[in-house]
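First comes the structure, then the notes that go with it.
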Amino acid sequence: MENEFKERLAVHYDELKWLYCELYSGCEDFFEDFLDILEDSYEKRNANLKKRDRLRKKDQDWYKRSDLSGMMLYVDAFAGNLKGVKDKLDYLVETGVNYLHLMPLLDTTDGKSDGGYAVSDFRRIKPSLGTMEDLEELTAVCHKRGINICMDFVMNHTSEDHEWAKRARAGEKEYQDRYFFFENYDIPSIYEQYCPQVFPISAPGNFTWLPEIDRHVMTTFYPYQWDLNYRNPVVLNEMTDNLLNLANKGVDIVRIDAVPYIWKELYTNCRNLKQVHSIVRILRMVTEIVCPGVLLLGEVVMEPDKVVPYFGTVEKPECHMLYNVTTMASTWHTVATMDVRLLKRQMDIISSLPKEYTFLNYLRCHDDIGWGLDYEWLKQLGIEEVAHKKYLNDFFTGKQWNFFGRGELYNDDPSLGDARLCGMTASLCGIEKFSYEKNEELLEQSIRCALMLHAYMYTQSGIPILYSGDEIGQENDYSYHEDPLKCQDSRYLHRGGFDWKKAEKRKDKLSTESEIYSGIQKMIRLRSGCKVFESGADVWTVNTYNDHVLAIGRYYQGEKLIAVFNFSDEPETAWISENDGIYAELFTGEKREIVNVELPAYGYCWLYKRFEQ
Ligand code: GLC
């Protein structure tokens, strides 16, 4: 056992040193420090976690099975603080959740926190949420109950209130070198020509002027989020130490936030540069050496050809998991257009990728929906990018009487025509509108729409992640408009407090909440019980000869599933015929052949069959 660290290090040593010295030539001393950090972190890792690492090393596909089902939530919104989350675990277990993403928890300054993504101390939990001991206690209890914990590691920047930033501001050169400081605007102005803006309206530009020291500092995100300079090996060393410290608190999945941005190079767009991949590869080796039970989830919210390289190669893997962001955006496009052709094509692309690639599937998350669709392909349908984004935003903000979406725009920059969208699932699919209007029939239809979208998410290979509140049909939270610290950022529309009164209604069989909750709960149960949902399955799309209806086939070890989704607000038929006998519809138990599947508006079904082998 004592030697396992050395053995694991030996496997990766040459590549690790090569990559490190390629990034930081002539910095052998720093590499030695780096190795000390790894060894030290290994030594500090507790026996239970080391045991977990060993088990997972023997079972490397543990996260690819269909029994893993996630939820993401804000600790304060869900249960006040970490202790509160511990008290509410029964609810998560009842729902079927065994992967819990706790949104940023580390210390941050109120009003300058970007929802926790501006960390002022990587070693301290935000006091209102608890302490590091509370986190360790929670992860240990979760592990006992079979729940894995995911946490963010915000590595691109620190808060301006982080100790390094304070010392940099006080003039200490050593700390200024950990960021990008400029005496005048000459170089920043060149960067500005090549780097797009992340928040063009709420935080325009990529630099912030600090009048008290007469310097410009790079701030790709908000002005109080100072970009770290990974050209400086101290930054990589210290941040690796911070990452491992989190892993040692029992975090199973580390979400590396905004990772495409971490390396900057003049005359480039400062996104996805090759050095970023070297660093991610280094971090992957670090986890394999120190804590092989820990996974890296890359937050790469980009077009598909930028996302997939973050998996690395079979010999040199980078992230274990990545967000299936294009599928998410294409799904909402399909809701607004009722035309499944783009989504079908997207499914074909995803299912042609190697099965080793694990995607995290989601409908909604804490961020806005950016309309990153395949506009080149959409051209053949007569769809043009700027006009289409406007249509989608109009649809989901209910600009016409027949548009049922109730979202809000995010960073609407009229000059670019590139606004993004915020809102909870229930508000985007009509539940908010029709329950307000007391239109029972259309309410029922919109509930089915929300369920159909979830069924579609649970059909895909990878890890499904529910957005807390969606399981009970929680609507938008408009109270952020009244909060001076939040009103500038419309993402707070979908970051409201979890409504426990509404959650209680899940027990009342006739309620909307019960219909949605029990539907989703059933999907999770069915999925975890059938092998056909495992990542190893073959997946294909089935021609339905109806542009409103998407059908997906899955096959794995003698089990077959044909899943059919009607994205239209009218009843539709999927003109398919499988000709291989009787299937069971998993939600209703109905036995039937697959010939011309008829579905109500927003209807869906999971037709399942097991072949004798
Ligand atoms: C990620 C987070 C987002 C945050 C940004 C800056 O994209 O998901 O919420 O604003 O990083 O840290």
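One-based numbering, in listed order, for ligands and for the atoms of each.
Closest non-hydrogen pair, V325 versus V300, comes out as CG1-O, 3.9 Å. Among all heavy-atom pairs drawn from S113 and T108, the shortest one is CB-OG1, 3.0 Å.
Taking every non-hydrogen atom of R491 and a distance limit under 4.0 Å, the qualifying atoms of ligand 1 come out as 3 (C), 4 (C), 9 (O), 10 (O). Under a 4.0 Å criterion applied to the non-hydrogen atoms of D367, ligand 1 contributes the atoms 2 (C), 3 (C), 7 (O), 8 (O), 9 (O). Close approach of ligand 1 to H157 is summarised as follows: ligand atoms under 4.0 Å from at least one heavy atom of the residue are 6 (C), 12 (O). Interface of F221 with ligand 1, defined as ligand atoms under 4.0 Å from a residue heavy atom, comprises 5 (C), 6 (C). Shown in contact with D114 at under 4.0 Å from a heavy atom are these atoms of ligand 1, numbered in order with element: 4 (C), 5 (C), 6 (C), 10 (O), 12 (O).
Between R255 and ligand 1 there is a heavy-atom distance shorter than 4.0 Å. For the pair F199 and ligand 1, a heavy-atom separation below 4.0 Å is found.
Among L105, L106, L82, the one residue that satisfies the side-chain contact (heavy atoms from CB on, under 4.5 Å) test with M132 is L106. With Y179 as the fixed residue, the side chain to side chain donor-acceptor pair (under 3.5 Å) test singles out one of T158, D227, N229, T219: T158.
Remark: minimum distance from atom 7 (O) of ligand 1 to any protein heavy atom is reached at E299 OE2, 2.8 Å. For atom 11 (O) of ligand 1, the closest non-hydrogen atom of the protein is D257 OD1, 2.9 Å.
Ring planes of W500 and F78: tilted class, angle from 30 to 60°. Note on ring orientation: taking the six-membered ring where Trp is involved, the planes of Y362 and Y323 are perpendicular (angle over 60°, cut-offs 30° and 60°).
In this structure, K166 does not pair ionically with D161, as no charged nitrogen and carboxylate oxygen lie closer than 4.0 Å.
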